[in-house]
*Asks:* 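Take a look at this one; I'll ask things after.
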Amino acid sequence: MKAYLTYFKLKFITGLQYRSAAWAGIATQFFFGFVYIMVYVAFYESGGRQLPMSLHQVITYLWLNQALLALINQFSRDQELFQMVKDGTISYELARPKNLYFMWFFKVLGQRLSNVTLRFFPLLIVTSVLPNPYNLGLPCSFIHFLLFFLSLVLGTLLVTSLVVLYPIITLFTMNEKGIINLVITISDILSGLVVPIPFFPIILQKISSCLPFQYISDLPFRIYIGNVNIEFGIFGIFIQTIWLIILIIVGSLLMKKGLKRIVVQGG
């Protein structure tokens, strides 16, 4: 475990050096956050029907999405891992007496945590002092906050296990496009990054509940704003844990199978 934590630490420290990229990301996330908020404000002001979330709940949900985007998004991939598969430098990784799946897992986790560390606090501070209802609201209760934190930790591990699957699939396809881009597009929609899940048609909500994507960000955020009760939150955390175990097992098995057929050319 110490060796894997070293990989995590190296990736985390390396990621903290890209401060200019972090400031650019903060500006971009502020911009898109306000754009989304203006759209929902106009939508709510049109009135006429009962909605599944209050306006302030939606705005808090959107700010959490933007503040934690570097942590929970599925479209951000570690290009180093893909390049490693394509150019054969994966052979250096195989020379190390460690489990390659968990080496990659901790590398991706370290990169994501370093990215969100640089962006989260500036967004948190600024959005908290905005006038109501455009500000980031407080958690519904202390219990909701504890469940939110636990769910967010599991969601982070869950998205990491998904992202690690992408270079593993490349072991079989030799190209990270195609099916991977399709999965990323679907996961972005069904994880609530585009529209909160409660606004989906009932059939899409049922489909989303059967897939792991909703449990990455939508569940933690809805626990935070109190859109779900304590019992549902605890049940959702249980489902998160099940999906995490499944994805780690699937990823490990695919890695073993992929490494058996890998061919490194050159000399």
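For this chain, numbers begin at 1 and follow the sequence in order. Reckoned from all heavy atoms, side chains included, excluding hydrogens, waters and symmetry mates.
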*Asks:* Judged by modelled atom types alone, do Ser151 and Gln240 share a side-chain donor-acceptor pair under 3.5 Å?
*Replies:*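 Side chains of Ser151 and Gln240: pair found under 3.5 Å.
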*Asks:* Would you confirm whether Asn132, through its side chain, and His56, through its main-chain N or O, come within 3.5 Å as a donor-acceptor pair?
*Replies:*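 Between the backbone of His56 and the side chain of Asn132 there is no qualifying donor-acceptor contact (under 3.5 Å).
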*Asks:* Determine the interplanar angle of the Phe221 and Phe148 rings, folded into 0 to 90°, and report it as parallel if under 30°, tilted if 30 to 60°, perpendicular if over 60°.
*Replies:*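 Tilted, since the angle between the ring planes falls between 30° and 60°.
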*Asks:* Going by side-chain contact (heavy atoms from CB on, under 4.5 Å), Ser128 matches just one of Leu136, Leu138, Leu123. Which one?
*Replies:*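 Answer after filtering Leu136, Leu138, Leu123: Leu136.
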*Asks:* At their closest point, which heavy atom of Asn65 faces which heavy atom of Gly192, and how far apart are they?
*Replies:*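 Nearest pair, atom of Asn65 first, then Gly192: ND2-O, 3.1 Å.
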*Asks:* Which of these, Val164, Leu165, Leu158, Leu157, sits in a side-chain contact (heavy atoms from CB on, under 4.5 Å) with Ser161?
*Replies:*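 Testing each of Val164, Leu165, Leu158, Leu157 against Ser161, the sole residue satisfying side-chain contact (heavy atoms from CB on, under 4.5 Å) is Leu158.
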*Asks:* Taking all heavy atoms of Phe200 and all of Leu190, pick out the closest pair and write down the distance.
*Replies:*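 That closest heavy-atom pairing would be CE2-CD2, 3.9 Å.
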*Asks:* Would one find more than 12 heavy atoms of other residues, nucleotides or ligands at under 6.0 Å from atom CD1 of Ile207?
*Replies:*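 Yes, CD1 of Ile207 has more than 12 neighbouring heavy atoms, counting only those of other groups under 6.0 Å.
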*Asks:* Does the side chain of Val183 reach to within under 4.5 Å of the side chain of Tyr166, using non-hydrogen atoms?
*Replies:*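 Answer yes - side chains close enough.
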*Asks:* Can you name the nearest heavy-atom pair linking Gln205 to Ile197, along with the distance?
*Replies:* CG-O, 3.5 Å
*Asks:* Taking only residues two or more places apart in sequence, or in another chain, which ones meet Tyr40 in a ring pair (Phe, Tyr, Trp, His ring centres under 6.0 Å)?
*Replies:*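 Once residues adjacent in sequence are excluded, the partners of Tyr40 under the ring pair (Phe, Tyr, Trp, His ring centres under 6.0 Å) criterion are Phe199.
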*Asks:* Taking it one step at a time, do Trp63 and Phe34 satisfy ring pair (Phe, Tyr, Trp, His ring centres under 6.0 Å)?
*Replies:* CA-CA 9 Å; Trp63 281 131; Phe34 280 113; 5.2 Å; yes
*Asks:* Identify, with sequence neighbours excluded, every residue that meets salt bridge (charged side-chain N to carboxylate O under 4.0 Å, His left out) alongside Arg222.
*Replies:* Asp218
